[in-house]
Amino acid sequence: MSSTAELVQTIVGKHGTRREHLLPILQDLAKEQRYVTEDAMIEVARALDLSAAEVYGTASFYTFLEPVPTGEHVIRICKTITCYMKGKDEVIKAIEDHLRVKLGGTTTDGKFSFFAANCIGWCHEGPAMLIDDKVYTKLTPKKAIDAINEY
Amino acid sequence: MVLDRETKLKKLKEHQTKVNMIFQDQDCGQMLDKCLSMSPDEIIAEVTESGLKGRGGAGFPTGLKWKFAAEQKSDVKYVICNADEGEPGTFKDRQILEEQAAKVFAGMAICSRAVNASEGIIYLRGEYNYLRPRLQEELDAFNKKLKEKGFKFSIIIKSGSGAYVCGEETALIESLEGYRGEPRNKPPYPVSHGYMNKPTVVNNVETLVYCAMIIRMGNKEFLQLGTKDSRGAKVFSVSGDADVEGIYELELGMTIREFVDLFGDGDTKAVQVGGSSGHCVPRRDFEKTIIGFEGVPTGGSMMLFNSSRSMYHVLHNYLEFFCEESCGQCTPCRVGSQQLLRGIEAIKKGEKPPEYLNELKKLAETMKVAAKCGLGQSVPNPFLSIVNNFYEEIIF
Ligand SMILES: Cc1cc2nc3c(=O)[nH]c(=O)nc-3n(C[C@H](O)[C@H](O)[C@H](O)COP(=O)(O)O)c2cc1C
Ligand code: SF4
């Protein structure tokens with residue numbers, strides 16, 4: 001059995017095979033594999049007795065489950081107006097220069113993807129970003145780069 | 001009169017001594033005991049008489065929602081806590097869950113007794129995943145306590161995955177059932193056909209905490225606060241060009257003027273009340289606009305803009321948000337949002353004459369009535385209020 005099939009089997013075993021288990025399964029897969037791969041979706045479809053298209057259709061609806069390859073760590077910087085007002089653009093520029101990647105892209109070494117996100121709920125301490133699940137607030141260009149260097 | 005920051009903070013403290021329900025520590029065991037000493041009807045009556053309306057944005061009377069759910073005959077019923085908090089400018093539910101999670105759980109347990117529900121689900125937005133381990137720990141302890149006290153009710157946590165529309169209650173239910181978060185037609189409402197097609201109460205985090213406090217203390221204190229249409233207090237998330245930012249619980253019914261005097265930087269030209277999907281109030285209307293269901297309702301988001309800000313830019317940011325977050329299910333919203341965005345861009349660039357704005361306004365009016373859910377229906381709120389009040393900034 002391939003490693004993907006094994007992983008899917010473990011995760012499905014943990015959650016169950018009913019339709020309402022699909023999202024928790026995909027969420028765990030995204031955590032383990034960084035993003036939900038095509039092979040994994042096919043395996044999940046088999047395990048839950050759904051069509052692969054159905055699984056893809058559900059995953060692709062959700063920003064955090066999008067079946068597109070991403071880096072090892074995902075940076076999501078908030079692009080809401082309040083973060084903009086606190087200087088989000090300078091932070092984006094600094095990160096772009098530091099990682100040598102444009103917003104929306106993934107570094108060549110595959111370590112970071114750099115995305116924009118809608119409000120992440122830290123408007124009073126903007127600019128704010130997430131690296132994976134961790135929150136960074138009151139960013140300056142320097143603070144943002146220091147944060148990235150932790151990884 | 002422009003107050004300095006110190007004076008503002010002092011005044012806010014005074015407000016806080018008057019209103020402190022959400023962040024006040026409480027013994028949740030006692031709350032549960034009090035709840036057990038009351039019959040379901042008594043609980044519903046207490047909440048109904050408090051006049052509490054939902055704090056998630058739509059403002060539906062909470063007591064009535066519970067009553068509808070209680071009247072349903074079903075072997076299984078659900079209580080869902082809506083912790084999806086995606087509205088730009090809102091961050092109060094996060095703070096409540098960080099500081100007072102047990103009171104949120106208690107609110108759900110009280111609701112379960114009122115409507116006879118057996119399962120509770122917290123739908124936590126994916127952006128708040130970092131909260132989950134700690135929440136789960138607190139929840140395990142709470143579930144144990146529920147069992148000890150004889151509740152036939154337990155609560156689980158489910159995560160969202162980054163879709164604003166999943167805050168809409170029927171989209172949230174679709175998402176919990178493992179589908180794309182596409183809103184359903186209403187009616188039927190979740191109180192009769194909710195999660196797994198069973199009667200379901202969906203309430204906002206803050207609403208549930210007020211319920212817990214109302215049961216704990218009786219509804220007298222709550223009734224003394226606010227106005228006839230907007231009882232009680234509310235947690236506000238303040239951001240933007242503000243001297244004082246953050247989360248504050250305040251009595252409902254203040255005017256925007258009073259609010260701006262407390263929080264603004266002395267040069268506030270507009271306040272966006274209720275986030276991207278809310279209304280923009282310009283300076284000349286500050287005195288006459290009341291924060292509450294009789295004036296501008298809000299889920300808590302208050303964004304302040306001073307005169308250095310371009311309202312075109314603000315509107316552009318909101319419209320981009322809707323274009324991305326529309327679930328795409330219905331045409332008025334999917335295409336309408338994009339056309340509004342392209343439309344103001346075209347006017348700005350001079351590709352369309354200023355009169356084109358009238359066409360866009362008509363489109364916005366159509367979206368109000370033709371969009372399927374609250375997302376598409378509320379795109380016209382920021383659009384019309386910004387375009388009508390800041391016409392010059394949009395066309396020049
Ligand atoms: C697009 C959209 C997003 C929403 N997002 C939220 C949300 O994040 N949190 C919330 O409590 N209610 C949200 N609502 C309102 C819910 O549909 C529902 O009315 C609310 O959860 C009911 O709880 P309440 O009566 O306690 O306010 C949203 C509605 C719409 C149309
Ligand atoms: S109004 Fe928008 S979000 Fe709501 S159902 Fe229609 S397309 Fe989806």
Side-chain angles (χ1 to χ4, degrees), chain A residues 15-31 36 44 48 50 54-66 74 76 78-86 88 115-138, chain B residues 85-95 125-132 158-166 175-182 195-196 237-242 244-247 272 275-276 301 303-306 308-309 313-318 320-321 324-325 327-328:
Chain A
H15 293 287
T17 55
R18 289 201 305 272
R19 179 69 195 230
E20 68 266 28
H21 301 131
L22 179 57
L23 247 57
I25 291 169
L26 294 173
Q27 285 164 348
D28 275 4
L29 274 170
K31 208 185 260 164
V36 185
V44 171
L48 269 61
L50 296 168
E54 192 62 43
V55 175
Y56 175 83
T58 307
S60 60
F61 182 87
Y62 295 94
T63 312
F64 291 1
L65 300 176
E66 257 172 322
V74 179
R76 296 181 196 275
C78 176
K79 62 174 172 189
T80 302
I81 187 80
T82 34
C83 275
Y84 163 81
M85 286 157 60
K86 304 274 170 63
K88 151 211 92 146
F115 298 145
N118 284 318
C119 191
I120 59 171
W122 290 91
C123 322
H124 57 318
E125 293 184 10
M129 69 179 180
L130 291 167
I131 301 185
D132 303 328
D133 284 347
K134 194 161 172 210
V135 185
Y136 296 87
T137 60
K138 292 190 180 164
Chain B
E85 192 168 65
E87 189 63 54
T90 318
F91 39 93
K92 51 152 188 122
D93 292 341
R94 172 177 57 70
Q95 185 116 342
R125 71 185 302 218
E127 288 82 346
Y128 295 168
N129 269 344
Y130 77 97
L131 270 176
R132 215 176 141 162
K158 296 271 175 178
S159 286
S161 275
Y164 164 68
V165 71
C166 288
S175 175
L176 278 178
E177 290 180 1
Y179 297 92
R180 294 161 67 88
E182 292 173 343
Y195 182 57
M196 298 296 171
S237 317
V238 187
S239 66
D241 296 311
V244 182
E245 292 181 88
I247 291 159
Q272 179 75 16
S276 302
S301 168
M303 296 182 187
L304 282 69
F305 300 106
N306 70 21
S308 75
R309 305 297 173 186
H313 193 146
V314 172
L315 178 59
H316 193 276
N317 188 270
Y318 293 162
E320 270 183 331
F321 168 75
E324 279 175 29
E325 297 295 341
C327 84

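Side chains included, hydrogens not; waters and symmetry mates left out as well; all remaining heavy atoms used. A note on names: the letters A, B, ... follow the listed sequences, proteins ahead of strands, and every chain is numbered from 1.
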Exercise for the section: Using a cut-off of under 4.5 Å on heavy-atom pairs, state which of B/Glu85, B/Arg125, B/Lys158 scores highest against chain A. Expected result: B/Arg125
Exercise for the section: Run through B/Ser175, B/Cys166, B/Cys327 and flag the one making a side chain to side chain contact (heavy atoms under 4.5 Å, CB included) with B/Glu182. Expected result: B/Cys327
Exercise for the section: Could you check which of A/Leu48, A/Thr58, A/Ile81 has the highest count of heavy-atom pairs closer than 4.5 Å to chain B? Expected result: A/Ile81
Fill in the blank from the handout: If you tally heavy-atom pairs under 4.5 Å between each of A/Leu22, A/Ile120, A/Leu65 and chain B, the highest tally belongs to A/Ile120
Problem - B/Thr90 portion near chain A, given a 4.5 angstrom heavy-atom threshold - result: backbone
Exercise for the section: Against chain A, label B/Tyr164 side chain, backbone, both or neither, depending on which of its atoms sit under 4.5 Å from a heavy atom there. Expected result: neither
Exercise for the section: For residues B/His313 and A/Tyr84, determine if any side-chain heavy atom of one lies less than 4.5 Å from a side-chain heavy atom of the other. Expected result: yes
Handout entry: Contacting region of B/Leu304 [heavy-atom separation from chain A under 4.5 Å]
Key = backbone
Exercise for the section: Kindly compute the distance separating CG (A/Asp132) from CZ (A/Arg76), expressed to the nearest 0.5 Å. Expected result: 9.0 Å
Fill in the blank from the handout: Greatest number of non-hydrogen atom pairs under 4.5 angstrom with chain B, of A/Leu26, A/Ile25, A/Leu23, falls to A/Leu23
Handout entry: From CG (A/Asn118) to NZ (A/Lys79), nearest 0.5 Å
Key = 5.0 Å
Fill in the blank from the handout: Honestly, the part of B/Val238 sitting under 4.5 Å from a heavy atom of chain A is backbone
Exercise for the section: Please look at B/Glu324 and chain A and tell me whether the side chain, the backbone, both or neither of the residue comes under 4.5 angstrom of a heavy atom of that chain. Expected result: side chain
Practice task
Sort B/His316 into side chain, backbone, both or neither according to what part of it lies under 4.5 angstrom from a heavy atom of chain A.
Solution key: neither
Handout entry: Carboxylate-amine/guanidinium contact B/Arg180 A/Glu54, below 4.0 Å
Key = no
Exercise for the section: Using a cut-off of under 4.5 Å on heavy-atom pairs, state which of A/Gly57, A/Cys78, A/Gly126, A/Cys123 scores highest against chain B. Expected result: A/Cys123
Exercise for the section: Calculate, to the nearest 0.5 Å, the distance between atoms NE2 and CD belonging to A/His15 and A/Glu20 respectively. Expected result: 12.5 Å
Exercise for the section: Pick one of side chain, backbone, both or neither for B/Glu325, based on which atoms fall under 4.5 Å of a heavy atom in chain A. Expected result: side chain
Practice task
Answer with side chain, backbone, both or neither: which region of B/Asp241 has an atom nearer than 4.5 Å to a non-hydrogen atom of chain A?
Solution key: both
Problem - Any A/Met85 side-chain heavy atom under 4.5 Å of B/Phe305 side chain - result: yes
Practice task
Answer yes if the ring centres of B/Tyr179 and A/Phe61 are under 6.0 angstrom apart, and no otherwise.
Solution key: no
Exercise for the section: Using a strict 4.0 Å threshold on nitrogen-to-oxygen distance, state whether B/Glu87 and B/Lys92 make a salt bridge. Expected result: no
Exercise for the section: Please look at A/Thr82 and chain B and tell me whether the side chain, the backbone, both or neither of the residue comes under 4.5 angstrom of a heavy atom of that chain. Expected result: side chain
Handout entry: chain B contact via A/Leu130 - which portion, at a heavy-atom distance below 4.5 Å
Key = side chain
